[in-house]
There are 2 protein chains.
Amino acid sequence: MNTPRRTTIYDVATEAGVAASTVSRTFGNPRRVNATTREHVLRVAERLGYRPNPLATALQSGHKATIAMLVPDITNPHFFGTIRGAERRASEAGVTFILGNTEESAANERNQIERLDHSVDGFVLAASRMSDETTVGIAQSHNLALVNREVDGLPGVVVDTGPGSWQIVEHLASLGHRSIVYLSGPHQSWLANERWKALRAAAERRGLSVGRLGPFPPRVSGGGAAADAALVSGATALVAHNDLLAIGVLRRLSERGVAVPGRVSVVGYDDIFGADLCVPALTTLAGPEDEAGRVAVELLLRKGSLSTAHPAPQRVVLPTHLVIRDSTGPRRAETPAGSGRAPARRPGRGSGDTGTARAPARSRLGHPGRGSPSAERP
Amino acid sequence: MNTPRRTTIYDVATEAGVAASTVSRTFGNPRRVNATTREHVLRVAERLGYRPNPLATALQSGHKATIAMLVPDITNPHFFGTIRGAERRASEAGVTFILGNTEESAANERNQIERLDHSVDGFVLAASRMSDETTVGIAQSHNLALVNREVDGLPGVVVDTGPGSWQIVEHLASLGHRSIVYLSGPHQSWLANERWKALRAAAERRGLSVGRLGPFPPRVSGGGAAADAALVSGATALVAHNDLLAIGVLRRLSERGVAVPGRVSVVGYDDIFGADLCVPALTTLAGPEDEAGRVAVELLLRKGSLSTAHPAPQRVVLPTHLVIRDSTGPRRAETPAGSGRAPARRPGRGSGDTGTARAPARSRLGHPGRGSPSAERP
DNA sequence: ACGGTCGTGGCAAGCGATTGCCAAAAGTTG
DNA sequence: CAACTTTTGGCAATCGCTTGCCACGACCGT
């Protein structure tokens with residue numbers, strides 16, 4: 001509170017009987033100062049409780065040891081993984097971590113970048129809403145690393161939507177589904193489009209019919225409209241833009257008495273916390289979001305250190321995998337028995353018995369191993 | 001990337017034909033400069049795309065317009081609410097927001113504070129793990145606002161555990177439970193102790209027997225041991241330190257075939273995302289975590305502005321409320337029928353049928369309205 | 001007409017580091 | 001031992017902005 005004037009290099013210098021520059025070099029450029037002197041200086045600094053002032057350092061050297069991460073919606077659990085991965089990596093590197101929320105707005109995103117411009121070494125832009133042009137423009141004067149967004153020459157990391165969507169389609173196809181509908185996220189979302197494109201391609205290759213509905217807000221609350229629209233479409237497999245939306249869809253379907261997976265199957269993206277808690281537990285495409293965060297920071301850090309052309313990967317793609325749970329099952333058959341699939345019913349954990357009037361009672365066929373909770377998510 | 005030398009007050013000053021100090025005052029102390037001059041300067045600044053450099057400002061004036069929030073475990077959904085509340089408020093105030101993870105370690109917490117010391121105006125310490133003495137010590141030279149932690153003279157905000165725990169006890173008592181066990185979180189956690197004390201007091205007042213087990217890691221993974229220990233204790237009502245732990249307990253109980261709420265009831269704290277998704281949906285004490293984050297930042301901001309004794313509340317207590325869902329029910333009766341409680345079974349949404357061997361089949365008594373999903377949580 | 005307030009704007013000294021340049025000291029070499 | 005290279009440490013300028021202090025002119029009252 002009160003300001004007892006913190007100790008500076010000058011204090012240390014005086015006390016140690018050397019010049020301030022020597023103290024500075026002791027910290028910033030140790031090989032430039034004699035080992036014994038250095039020892040001495042360090043000792044004195046220690047004794048005086050000296051801490052370098054990052055602001056002064058930054059002002060002079062331009063090296064701020066700080067990065068900022070901007071996310072469209074800090075409220076969305078989807079980003080939590082990325083955020084924590086990024087924070088971890090930054091922290092490991094001794095870099096301070098600024099978190100900003102852009103409220104799904106490109107303008108807001110620009111503003112934040114503007115504001116933080118002087119204060120950070122670079123930005124991690126998660127699911128950036130800005131246009132390609134804008135982004136490229138900004139990249140000319142700023143250090144950027146993109147997460148789940150691709151822009152020509154810019155470094156970034158994405159979770160691999162292509163193969164992921166392919167896995168989803170294969171899974172659904174193998175369950176006998178012939179018609180898929182994609183419940184889309186925001187249209188400015190690169191990821192939403194990417195997912196749609198990949199899904200469509202995969203479906204077409206497989207000869208399934210596929211449609212897109214939306215956009216829907218990528219939140220639980222978007223699920224109502226999405227579910228209703230999907231039901232009208234007649235598709236038997238619904239692929240939601242993310243788990244939040246999928247959970248909303250599940251809710252709405254349950255309200256409307258539509259059996260899942262008896263009548264329709266539902267798939268999400270992200271495998272957020274809670275995806276294995278809902279009923280039925282959600283089949284979803286899991287991506288290493290933490291890893292994405294880490295890698296993005298890594299890219300930023302790397303770029304900063306070696307300015308000249310560095311053959312390091314500027315573009316990393318992270319693998320996804322499909323986590324199959326209870327919200328997907330065989331396409332509804334007309335025969336009452338043996339058509340549906342119930343998860344292995346272990347004592348005490350119920351998750352079946354989903355459909356009632358409309359869904360035929362289902363026998364215990366199916367894939368007994370599938371109902372198990374996903375990996376621990378603390 | 002390349003550095004085209006950003007425009008400074010000097011550029012603006014030259015261009016506008018005034019002194020640099022005038023430019024500075026135009027921004028920092030507008031009433032000190034003539035309206036027309038100011039207009040002119042602003043126009044020029046605008047044209048040149050001038051942005052003040054916060055680092056230089058901070059270096060000179062000590063005003064950094066930046067705060068940091070430290071949380072013990074960035075991985076824990078419990079904190080997300082607080083984090084986003086804090087980020088929002090900071091953002092509204094034009095204050096940049098640094099997020100740090102302390103990995104549940106007091107030492108780490110100190111270090112972070114040390115490191116960020118020069119860079120921020122103050123710290124929001126969420127569920128700080130540091131001792132009272134250490135905290136007080138730090139508070140002498142730093143601006144602090146505590147969340148869910150109370151230390152004598154320090155400003156802070158807590159969610160109201162006392163009445164909250166009382167509500168829990170009342171609820172359980174009214175369901176006929178006579179014996180409660182508290183599954184404790186980390187012992188350094190002030191909150192964990194606070195909850196325990198309040199719970200014990202409430203239980204004793206009500207004449208219920210109450211015990212404490214633990215500590216358990218406040219994560220889903222801690223639930224296994226917690227559940228097992230609780231079963232041995234013979235209590236019929238388990239109150240877990242937080243929802244994560246409660247969810248873990250639910251899992252374990254389900255694995256062991258123990259009916260919830262048929263055989264035991266389970267209550268959590270926090271009402272995190274997912275608490276209403278699990279099976280059975282968790283009864284839990286909801287607190288306004290977002291609000292807590294906001295208020296903490298508010299306190300910090302307030303303190304900074306008016307240095308002299310300000311009668312503003314330095315200590316705010318936020319109300320909690322019990323969200324009753326499906327994990328609590330009447331104490332198990334010996335009669336097979338009518339003892340347990342199944343949520344209203346609406347078509348298409350299954351959630352009952354939890355117990356098997358040990359739990360008697362349950363009829364449709366109980367509180368039909370209770371199974372509904374909680375308020376929207378995006 | 002003269003001294004006194006005010007309102008404005010400029011000068012210059014920092015804030016706490018970094019760093020280019022230089023000189024003294026030390027070590028090398030023929 | 002002279003000439004030369006390498007270490008090592010000091011000087012002082014600089015980063016971009018804030019702010020105490022001063023000066024100048026306009027306006028005021030008497």
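No experiment lies behind these values; they were computed from the predicted model shown.
- Under the salt bridge (Lys or Arg N to Asp or Glu O under 4.0 Å) criterion, the residue pairs touching residues 116-140 of chain A are A/Glu104-A/Arg129, A/Asp117-B/Arg6, A/Asp132-A/Arg149, with sequence neighbours excluded.
- Contacts of A/Phe79 classified as ring-ring contact (aromatic ring centres under 6.0 Å, His included), with partners at least two apart in sequence or in another chain: none.
- To the nearest 0.5 Å, the span separating CG on A/Asp73 from NE2 on A/His78 amounts to 10.5 Å.
- A search for side-chain contact (heavy atoms from CB on, under 4.5 Å) contacts involving B/Leu55 returns A/Ala58, A/Lys64, A/Ser119, B/Asn53, not counting sequence neighbours.
- At a threshold of 4.5 Å between non-hydrogen side-chain atoms, the residues B/Phe123 and B/Ile113 count as touching.
- Within residues 50-68 of chain A, the residues having any heavy atom under 4.0 Å from DNA chain D are, by residue number, A/Leu59, A/Gln60.
- With sequence neighbours excluded, the residues satisfying side-chain hydrogen bond (donor to acceptor under 3.5 Å, both in side chains) with A/Arg89 are A/Glu298.
- Once you apply a 4.0 Å limit to the heavy atoms of chain A, the touched nucleotides of DNA chain D run 5' to 3' over D/dT8 to D/dG16.
- A search for side-chain contact (heavy atoms from CB on, under 4.5 Å) contacts involving A/Thr8 returns A/Arg5, A/Tyr10, A/Asp11, not counting sequence neighbours.
- The interatomic distance linking B/Arg31 (CZ) with C/dC6 (C1') rounds to 14 Å, in whole Å.
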With side-chain hydrogen bond (donor to acceptor under 3.5 Å, both in side chains) as the test, would you mind laying out the steps for B/Thr134 and B/Ser131 before giving the verdict?
CA-CA 5 Å; B/Thr134 315; B/Ser131 72; 2.6 Å; yes
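- Under a cut-off of 6.0 angstrom, the local environment of CZ in B/Arg110 is sparse, with at most 12 non-hydrogen atoms contributed by other residues, nucleotides or ligands.
- A/Glu109 and A/Ser128 form a side-chain donor-acceptor contact under 3.5 Å, judged by distance and modelled atom types alone.
- A straight line from CG of A/Asp11 to C1' of C/dC15 spans 13 Å, rounded to a whole angstrom.
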Polar-atom pairs under 3.5 Å, protein N or O versus N or O of nucleotides 22-26 of chain C: list them with distances, or write none.
none

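- For the atom pair CZ of B/Arg294 and CG of B/Leu301, the computed distance is 11.0 Å after rounding to the nearest 0.5 Å.
- Residue pairs meeting the salt bridge (Lys or Arg N to Asp or Glu O under 4.0 Å) criterion with at least one member in residues 26-37 of chain A, sequence neighbours excluded, do not occur.
- Going from atom CG of B/Leu125 over to atom OG1 of B/Thr135 covers 7.0 Å, rounded to the nearest 0.5 Å.
- In this structure, the side chains of A/Val44 and A/Val41 stay at 4.5 Å or more apart for every pair of heavy atoms.
- Between the C1' atom of C/dG9 and the NE2 atom of B/His40 lies a distance of 15 Å, rounded to the nearest Å.
- Between the P atom of C/dG7 and the CG atom of B/Asn29 lies a distance of 13 Å, rounded to the nearest Å.
- Applying the salt bridge (Lys or Arg N to Asp or Glu O under 4.0 Å) rule to pairs touching residues 42-56 of chain A yields A/Glu15-A/Arg47, A/Glu39-A/Arg43, A/Arg51-B/Glu114, sequence neighbours excluded.
- Contact check of residues 14-24 of chain B against DNA chain D (heavy atom, cut-off under 4.0 Å) returns B/Ser21, B/Ser24.
- Taking the screw axis at each terminus of the helix from C/dA1-D/dT30 to C/dG30-D/dC1 from five consecutive base pairs, the angle between the two is 40° to within rounding of 10 degrees.
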